[in-house]
Amino acid sequence: MKRIVLTGVSRGLGRAMTEGFIAAGHTVFGCARSPQPLDELRERHGAPHRFEVVDVSREEQVRAWAEAILAQHGPPDLLVNSAAIINPNARLWEVPVEEFSAVIDVNVKGVFHCIRHFVPGMVRRKKGVIVNFSSYWGRSAAAEVAPYCATKYAIEGLTAALAEELPAGMAAVPLNPGIIDTEMLRSCFGEAAGSYLKADAWAKTAVPYILSLGTKDNGQPRTVPGQ
Ligand SMILES: NC(=O)c1ccc[n+]([C@@H]2O[C@H](COP(=O)([O-])OP(=O)(O)OC[C@H]3O[C@@H](n4cnc5c(N)ncnc54)[C@H](OP(=O)(O)O)[C@@H]3O)[C@@H](O)[C@H]2O)c1
């Protein structure tokens with residue numbers, strides 16, 4: 001049984017992973033910003049699972065969340081940084097300054113905040129895996145999503161560097177989930193997103209694959225099989 005810290009559980013891939021991890025017998029400590037889906041998750045999955053309102057871009061919120069979880073449950077076996085946002089489609093020079101900053105704050109700084117507060121305890125135990133969600137757009141580019149691409153390339157570099165720092169027995173892995181029909185995909189693909197795999201179907205392969213990641217994968221860019 002693994003203790004799993006997972007960001008972005010209110011919908012999309014994070015929500016589907018939550019259900020998959022719990023169905024497989026693991027404990028999930030999840031967060032997102034929207035209170036209502038978290039209430040629903042709490043009702044559906046009581047203790048020891050925990051679902052809390054946390055904005056990962058706010059370091060003080062991540063610190064308080066991590067302190068509470070670490071005090072009660074100890075360091076996680078698996079930290080999955082899935083929470084992210086995408087800029088509304090626009091050419092880079094037309095992206096409002098605040099929108100560009102928001103994408104960086106959530107997708108890059110949010111991941112850093114979770115690493116900063118959850119990883120020290122994992123390092124002390126010399127045990128645990130950190131999976132940072134990347135994208136095809138962290139390995140190749142497309143028009144009108146340049147801020148998002150910039151953050152996912154950043155995640156690839158950040159994770160590769162982190163992998164060099166971890167003690168033997170741990171792993172940090174940049175993971176491309178593939179292309180899945182979620183709100184995020186609808187934002188950039190519109191109705192065409194409907195022809196892609198749904199999150200629940202994706203999770204059937206992704207959840208066991210993520211649980212299988214370990215030291216053999218440290219620093220290696222991975223993609224969910226079949227994607
Ligand atoms: N769907 C795809 O095809 C695809 C492809 C490549 C990569 N990805 C990556 O996969 C991950 C999940 O994407 P998705 O498609 O499931 O997106 P999604 O449906 O838009 O869900 C994003 C999740 O992140 C949470 N979130 C956003 N900002 C947050 C913040 N500041 N603090 C805490 N939680 C926050 C959202 O909840 P709240 O709004 O309630 O906070 C939501 O639960 C992302 O890293 C994304 O870049 C997805």
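Indexing begins at 1, ligand by ligand and atom by atom, following the structure's order. These numbers were taken from a predicted model, which means no experiment stands behind them.
Here Val106 has side-chain heavy atoms under 4.0 Å from ligand 1, and that is the only part of it that gets that close. Only the side chain of Lys152 comes within contact range of ligand 1, with a heavy atom under 4.0 Å; no backbone atom does.
When the side chains of ILVMFWY residues are joined at heavy-atom separations under 4.5 Å, either directly or via intervening members, Ile85 and Leu158 end up in a single hydrophobic cluster.
Among all protein heavy atoms, the one lying closest to atom 36 (C) of ligand 1 is Ser10 OG, 3.7 Å. Scanning all protein heavy atoms for the shortest distance to atom 14 (P) of ligand 1 gives Thr182 OG1, 3.6 Å. Closest protein heavy atom to atom 17 (O) of ligand 1: Met184 CB, 3.4 Å. Ranking the protein heavy atoms by distance from atom 16 (O) of ligand 1 puts Leu13 N, 2.8 Å first. Ser34 OG, 2.4 Å is the protein heavy atom nearest to atom 40 (O) of ligand 1. Among protein heavy atoms, atom 21 (O) of ligand 1 sits closest to Arg11 NE, 3.6 Å.
Side-chain contact of Arg139 with Thr223: a donor-acceptor pair under 3.5 Å is present, judged by distance alone. Of the N and O atoms on the side chains of Glu59 and His117, at least one donor lies less than 3.5 Å from an acceptor on the other residue. Looking only at atom types and distance, the side chain of His45 has a donor-acceptor partner in the side chain of Glu19 under 3.5 Å away.
A salt bridge does not link Arg44 with Asp39: none of the charged nitrogens is closer than 4.0 Å to a carboxylate oxygen. Ion pairing of Arg58 with Asp55 is absent here, as no side-chain N (NZ or NE/NH1/NH2) approaches a carboxylate O to less than 4.0 Å.
The local environment of CD in Glu165 is crowded, with over 12 non-hydrogen atoms from other residues, nucleotides or ligands closer than 6.0 Å. Within 6.0 Å of CD in Glu60 there are more than 12 heavy atoms belonging to other residues, nucleotides or ligands.
Distances from ligand 1 to the non-hydrogen atoms of Thr7 include no value under 4.0 Å. Residue Gly178 places a heavy atom less than 4.0 Å from ligand 1. The closest approach between a heavy atom of Arg58 and any atom of ligand 1 is not below 4.0 Å.
Considering backbone and side-chain atoms alike, Leu185 places every N or O at 3.5 Å or more from each N or O of ligand 1. Distances between N or O atoms of Gly8 and those of ligand 1 include at least one value under 3.5 Å. Backbone and side-chain nitrogen or oxygen atoms of Asn176 are examined, and none is located within less than 3.5 angstrom of a nitrogen or oxygen of ligand 1. Where the criterion is an N or O separation shorter than 3.5 Å, residue side chain and backbone included, Asn81 fails it with respect to ligand 1. The shortest N or O to N or O distance between Ile180 and ligand 1 is below 3.5 Å.
The nearest non-hydrogen atom to atom 34 (N) of ligand 1, considering only Gly110, Ser134, Ala84, Ala83, comes from Ala83. Comparing Tyr136, Trp137, Tyr148 against atom 9 (C) of ligand 1, the shortest heavy-atom distance belongs to Tyr148. One option in Arg33, Arg186, Glu52 has a heavy atom closer to atom 28 (N) of ligand 1 than any other, and that option is Arg33. Comparing Val56, Asp181, Leu6 by heavy-atom distance to atom 32 (N) of ligand 1, the nearest is Val56. Which of Pro177, Ala199, Ser135 comes nearest to atom 8 (N) of ligand 1 through a heavy atom is settled by distance: it is Pro177.
Of all non-hydrogen atoms in Ala141 and Cys149, the two that sit nearest each other are CA-SG, 4.0 Å.
When each atom of ligand 1 is checked for a heavy atom of Ile85 under 4.0 Å away, the hits are 27 (C), 28 (N). The atoms of ligand 1 that sit less than 4.0 Å from any heavy atom of Ser82 are 11 (C), 12 (C), 44 (C), 45 (O). Near Val54, the atoms of ligand 1 lying under 4.0 angstrom from a non-hydrogen atom of the residue are 32 (N), 33 (C). Of all atoms in ligand 1, listed by their number and element, those nearer than 4.0 Å to a heavy atom of Asp55 are 30 (C), 31 (N), 32 (N). Residue Ile179 has at least one heavy-atom neighbour below 4.0 Å for each of these atoms of ligand 1: 3 (O). Contact atoms of ligand 1 toward Phe133: 10 (O), 11 (C), 45 (O) (distance under 4.0 Å to a heavy atom of the residue).
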- side-chain contact (heavy atoms from CB on, under 4.5 Å) assessment of Lys198 paired with Ile180: CA-CA 6 Å; Lys198 306 290 175 245; Ile180 309 95; 5.8 Å; no

- Task: Quick one: do Val131 and Leu78 satisfy side-chain contact (heavy atoms from CB on, under 4.5 Å)? Show the steps, please.
- Result: CA-CA 8 Å; Val131 176; Leu78 176 62; 3.9 Å; yes

- Cys114 vs Thr7, side-chain contact (heavy atoms from CB on, under 4.5 Å): CA-CA, chis, key distance, verdict: CA-CA 9 Å; Cys114 291; Thr7 66; 3.8 Å; yes

- Audit row: Phe51, Glu40, side-chain contact (heavy atoms from CB on, under 4.5 Å) steps and yes/no: CA-CA 10 Å; Phe51 302 100; Glu40 287 165 16; over 6 Å; no

- Dump the intermediate steps for salt bridge (Lys or Arg N to Asp or Glu O under 4.0 Å) on Arg186 and Glu183, then the final yes or no. CA-CA 5 Å; Arg186 297 248 160 196; Glu183 270 187 39; over 6 Å; no

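The main-chain N or O of Cys188 is found under 3.5 Å from a side-chain atom of Asn89 such that the two form a donor-acceptor pair.
Between His26 and Phe21, the ring-plane angle classifies as perpendicular under the 30° and 60° cut-offs.
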